[in-house]
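See below for the structure under consideration.
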Protein chains: 2
Amino acid sequence: MSDDLRTLVEQLKAVSHPLRLRVLALLEPGELCVCQIAETLQVPQSSVSEALRELRRAGFVLERKEGRWVFVSVVPRKQASPLLKGLLAHAGSLPEVLADRARALEVKAVAIPIVCSKVQKSSPVDRAVSRV
Amino acid sequence: MSDDLRTLVEQLKAVSHPLRLRVLALLEPGELCVCQIAETLQVPQSSVSEALRELRRAGFVLERKEGRWVFVSVVPRKQASPLLKGLLAHAGSLPEVLADRARALEVKAVAIPIVCSKVQKSSPVDRAVSRV
DNA sequence: AGGTTATATCGGAAAATATCGAAATATGAA
DNA sequence: TTCATATTTCGATATTTTCCGATATAACCT
C-alpha cells in the first residue's frame, strides 16, 4: 500500500472515534490544557491523554508546555489540510459539540489548578453521577 | 452520545480502511460491478462485498441490479455530503488510486462474464502472483 | 425442474483497538 | 532535597474489526 493512502487512512482512523472527534472539535475555538479537556468531557484524564496522542500522530493538534500544564490546540488554519478543515466545519455544527464547548467555557471560568485537582481526584462514580 | 455525532463517526469509520477507501475512490469515475472491483483490486469477492456493505451503510454508494450483476456507484454529487466530496477530492489525487483507476479501464475492456468467471475461480495464490 | 453464475452472508480465528486504574515520569514548589 | 501535582505510559481485559474460505442465496438459462 502506498504511503499516501496509508497516511490518509491513519488520519481518518484518528477521528473515527467519538472521544477523539469530540476532543478535536472542542479545541477549535482555542487551546485547552489536558485537565480542562478531561473535566469538560467528564472522562478519565488518561483517556484524554491517549486521544491526544492519536490526534498528534495524525498531525491535527499541537502542544505547548507551560510549567506542569500541557496546552493543546488545533494546528493553525494555514497548515490545516482540507480534510481537517472540512471535519471541523462539519463537527462544529453538531449539537453535542456545541454543548461540549459551552461546558468548556464554564470550566475555563475556574482556575486551572482547581480544575486539575478535581480531575485527578475524580473516580468513575463521580463521573457517572455528574453525567446525570 | 448524540445521533449526529455517532453518524459522523460511523461515516469516518467506513472510510478509515484501505480497501473501503480504495473501492470508494475507484467508483468515482463511474459505476462498476462487484466482480470488476474484485478483479481490479485483486482481492476476494467476499471482501469487496463486505466493503460495499459498509460504504452503503454510510450512505456513500448506491447499487443498481442488472440481472445477476450488481453495479455500484458513488451517490450523485448533488446528494453527496461535503465530507464525501472532500474525501473524493483528496483520494483522487493519490497515485495508488490513479493506478487502480487505470487498471479498472483495462478490466472494463473485457466482457463482464469473462471477468466474473475469472474472479470466481481465483485463489489466494493467483492473486499473490498477479500482484507482482 | 436442474444447472450455472454473481453476489451475499456466515464462521471463526487472528489482529487491532478501547478502556481505565495503577504506576512511572516530569515539572514546580517548599 | 522532598513533596505535590499534571501528564504519560503501562498492564490487563474486553470488545471490535479484519480477513477469507465455505456456504447460502438469488437470478438467469436450458
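Just so it is clear: chains get the letters A, B, ... in the order the sequence lines come, proteins before strands, and each one is counted from 1.
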Upstream residue (5' side of DNA chain C) when A/P44 and B/Q120 are each assigned their closest nucleotide: B/Q120
Most 5' of A/S47 and A/K65 on DNA chain C, judged by nearest nucleotide: A/S47
Protein-nucleotide distance (B/R56, atom CZ; C/dT7, atom C1'), rounded to Å: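 From B/R56 CZ to C/dT7 C1': 10 Å.
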Nucleotide D/dA6, atom P - distance to CZ of A/F71 in whole Å: 11 Å
Sugar-phosphate only, base, or nothing, as touched by B/K13 at under 4.0 Å among non-hydrogen atoms: sugar-phosphate
Verify the contact: side-chain N or O of [X] to OP1 or OP2 of [N], cut-off strictly under 4.0 Å; return yes or no.
{"X": "A/H17", "N": "C/dT19", "result": "yes"}
{"X": "A/R127", "N": "C/dC20", "result": "no"}
{"X": "A/R53", "N": "D/dT7", "result": "no"}

Heavy-atom donor-acceptor pair, B/Q45 side-chain to D/dC20 base, under 3.5 Å: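 Per atom types, no contact qualifies.
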Is any side-chain N of the basic residue among [X] and [Y] closer than 4.0 Å to the acidic one's carboxylate O?
{"X": "B/R77", "Y": "B/E28", "value": "yes"}
{"X": "B/E54", "Y": "B/R56", "value": "no"}
{"X": "B/R103", "Y": "B/E106", "value": "no"}

Of the options [options], whose atoms approach the side-chain atoms of [X] most closely?
{"X": "B/P113", "options": "D/dC20, D/dT7, C/dA6", "value": "C/dA6"}
{"X": "B/E50", "options": "D/dT8, C/dG11, C/dT7", "value": "C/dG11"}
{"X": "B/R68", "options": "D/dC28, C/dT9, D/dA6", "value": "D/dC28"}

Sequence-distant partners of B/K108, side chain to side chain donor-acceptor pair (under 3.5 Å), two or more places apart: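 Once residues adjacent in sequence are excluded, B/K108 has no partner under the side chain to side chain donor-acceptor pair (under 3.5 Å) criterion.
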